[in-house]
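One-based numbering, in listed order, for ligands and for the atoms of each. Just the heavy atoms: all of them, side chains too, but no hydrogens, waters or symmetry mates, feed the values below. These numbers were taken from a predicted model, which means no experiment stands behind them.
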Amino acid sequence: MISLDVIFLNQLRIEFGKSFKANWFDERIKALGVENAYFPMFVSSRVLEREKDHIEGFAPEVAWVTRAGKSELEEHIAIRPTSETVMYPYYAKWIQSYRDLPLKINQWNSVVRWEFKNPQPFIRTREFLWQEGHTAHLTKPEADTEVRQILDLYKGVYEELLAVPVTPGIKSEKEKFAGGLYTTTVEGFIPTSGRGIQGATSHCLGQNFSKMFNISVEDPAKPVDSKLGVQAEKLFVWQNSWGLSTRTIGVMVMVHGDDKGLVLPPRVAQLQVIVIPVGIVASTTQEGRKELYDKTEELAARLRKAGVRAKSDLREGYTPGWKFNSWEMKGIPLRLELGPKDLANQTTLVVRRDTGIKTPFSLDKLDEEIPELLERVQSEMYERAKLVYDQHRRIVTEWDRFVPALNENCSCVIPWCEEESCEDSIKDQSAKESAVEQDERAPSAGAKSLCIPFDQSVYPKLEIGVTKCLGYGCKKDAKAWTIFGRSY
Ligand code: AMP
Ligand code: ZN
């Protein structure tokens, strides 16, 4: 078993040798001026229901505390599904002047969403750990800039730490965050199931919440002039919220895992190298055994000194083969085998978890070569995942090719009109044509929009006013290449 909290913290921490150590995401948001804080998990219904669209979106998933012990509560209390409504009454108090802006607060916490749609470990759970950032700005351009800065960091978490490729883009109106202005996302894809997965989201909330919670300042661009009788103009602040959850772990597990179990990218692996003594036989003396065990631990200690997260497995009563399997199942990136013959030759056999490739390494340069190899494993894992990711994405310009592509576990990039009704008919029609038994509780066989990629330049040129939408029965002009697919 792997412990969730350890992985969650580790995925955001990256340690390169001795010289560089950082809490990857936390440090980067702090550099943007974000401060960490903590707010309560309970919300009164009065506050929760203040923003109409928001609560409409979340209402079905809100869990309520209705009883304490045996007594019914007079007023039921909600458990936060996200903290906009918990935090913003305070923002209204704290933001009194444009000089109080920008306000940037993040919390590392858990939230509860009573998901009815196929709960799945890590991917969609009823309680999940995440960070949620909430910021307030004077202008929309400032808010827009931050939305993209955060999205870039999310892309970094997936691609640089988890070795998982994602596509940054914007969500359709139908799929955007309830109550927000627009939602940006990094979209991942699980090739083995042929399903897209929303990796993390950075929302511009616009002024909807600031109007509901009365978070306003006097507009500095329109100053008061008492002589001329000019009154101060009220400006509602521009807000963003952004979140990345333990779903990241689920995506990483599904993208890299194989039939033997987990395959962890070295940068996030809590343990990067396991050193195992081998080659002990019936005739091995007590001293010989002790020497081998000492050298094994010495090797692990040497690697730790070189900044590698390494450990030796000196447990008695388990064969080397049993140990190999158990560490393979846990996804430890490298296994080093050390036996009497290796000691005599001053070598160790290095086995990669991701490829299974075995290479003898000379002991003398390990301090440099193992960190280098770990970085190579990291980048090759990404490259391989990217290749498969790209192979599972089709540019589709004829409806007849759409569902067959889905059935081959691909997502489809189509010219799209961006209309909600069109999105609905794509979903219905693709579900109908899928000819898959639709189980109520299984994810849908129909395709929905995953995102409109920011980088449109990688697709053929869309001729605005000429290229038509691919949507089923739709004849409208296409606005942008959009990724559609089955999803989690
Ligand atoms: P949201 O603020 O609703 O956009 O959520 C932020 C991020 O949390 C999403 O982009 C998902 O990656 C993740 N997320 C949403 N719901 C769940 C869930 N039930 N379990 C795990 N992660 C989730
Ligand atoms: Zn259309």
Side-chain angles (χ1 to χ4, degrees), residues 4 8 54 57-58 60-63 80-85 106-107 109-134 147 150-151 154-155 157-158 162 164 166 168-180 182-188 196-205 209 239-253 399 402 414-427 429 449-452 462 467-482 484 487-488:
L4 180 146
F8 186 59
H54 180 64
F58 279 105
E61 295 170 9
V62 174
R80 59 183 172 207
T82 172
S83 301
E84 277 75 2
T85 58
N106 176 69
Q107 54 175 344
N109 56 334
S110 75
V111 288
V112 170
R113 295 181 185 177
W114 217 257
E115 303 267 7
F116 292 98
K117 205 174 117 189
N118 354 283
Q120 202 166 342
F122 295 112
I123 297 292
R124 179 169 284 107
T125 50
R126 288 189 174 149
E127 180 195 359
F128 55 93
L129 273 167
W130 74 351
Q131 59 64 222
E132 52 175 319
H134 295 265
V147 164
I150 297 295
L151 199 72
Y154 289 159
K155 185 173 190 291
V157 168
Y158 274 101
L162 305 175
V164 168
V166 289
I170 194 154
K171 283 278 176 187
S172 69
E173 279 297 298
K174 186 181 164 74
E175 295 294 330
K176 77 175 183 186
F177 184 71
Y182 66 87
T183 289
T184 67
T185 173
V186 284
E187 287 291 314
I197 177 90
Q198 175 178 302
T201 35
S202 178
H203 317 290
C204 179
L205 302 176
F209 286 88
Q239 288 178 277
N240 294 338
S241 73
W242 25 273
L244 169 97
S245 81
T246 27
R247 174 175 290 179
T248 42
I249 297 169
V251 177
M252 174 195 76
V253 169
W399 176 261
F402 188 82
I414 64 165
W416 189 45
C417 66
E418 297 184 17
E419 302 275 337
E420 193 165 329
S421 57
C422 181
E423 178 159 9
D424 289 338
S425 68
I426 291 176
K427 186 162 187 191
Q429 187 61 24
S449 74
L450 301 177
C451 79
I452 304 164
L462 267 193
T467 313
K468 297 293 170 202
C469 171
L470 183 86
Y472 184 72
C474 183
K475 300 244 156 50
K476 297 203 182 76
D477 289 342
K479 287 193 182 147
W481 288 98
T482 306
F484 273 76
S487 70
Y488 279 95

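Closer than 4.0 angstrom to ligand 1 lie heavy atoms from Arg113, Glu115, Phe122, Ile123, Arg124, Thr125, Phe128, Trp130, Phe177, Gln198, Gly199, Ala200, Thr201, His203, Gly243, Ser245, Arg247.
Under a 3.5 Å cut-off, the side chain of Tyr158 and the backbone N or O of Gly199 do form a donor-acceptor pair. Between the Arg126 side chain and the Glu61 main chain, no donor and acceptor come within less than 3.5 Å of each other. In this structure, the side chain of Thr185 does not engage the main chain of Lys171 through any donor-acceptor pair within 3.5 Å.
Protein-derived N/O/S atoms nearer than 2.8 Å to the Zn ion (ligand 2) total 4, waters excluded.
Residues that satisfy the salt bridge (charged side-chain N to carboxylate O under 4.0 Å, His left out) test with Lys427, not counting sequence neighbours, are absent from this structure. Residues forming a ring-ring contact (aromatic ring centres under 6.0 Å, His included) with Tyr182 (at least two apart in sequence, or on another chain): none.
In terms of heavy atoms, Phe128 sits closest to Trp130 at CE1-CE3, 3.6 Å. For the pair Asn109 and Ser83, the tightest heavy-atom approach, listed with the atom from each and the gap, is ND2-OG, 4.0 Å.
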May I have the step-by-step check of salt bridge (Lys or Arg N to Asp or Glu O under 4.0 Å) for Arg124 and Glu115, ending in yes or no? CA-CA 7 Å; Arg124 179 169 284 107; Glu115 303 267 7; 3.4 Å; yes
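With Trp416 as reference, Thr482 is the one residue of Leu470, Thr482, Leu462 to meet the side chain to side chain contact (heavy atoms under 4.5 Å, CB included) rule.
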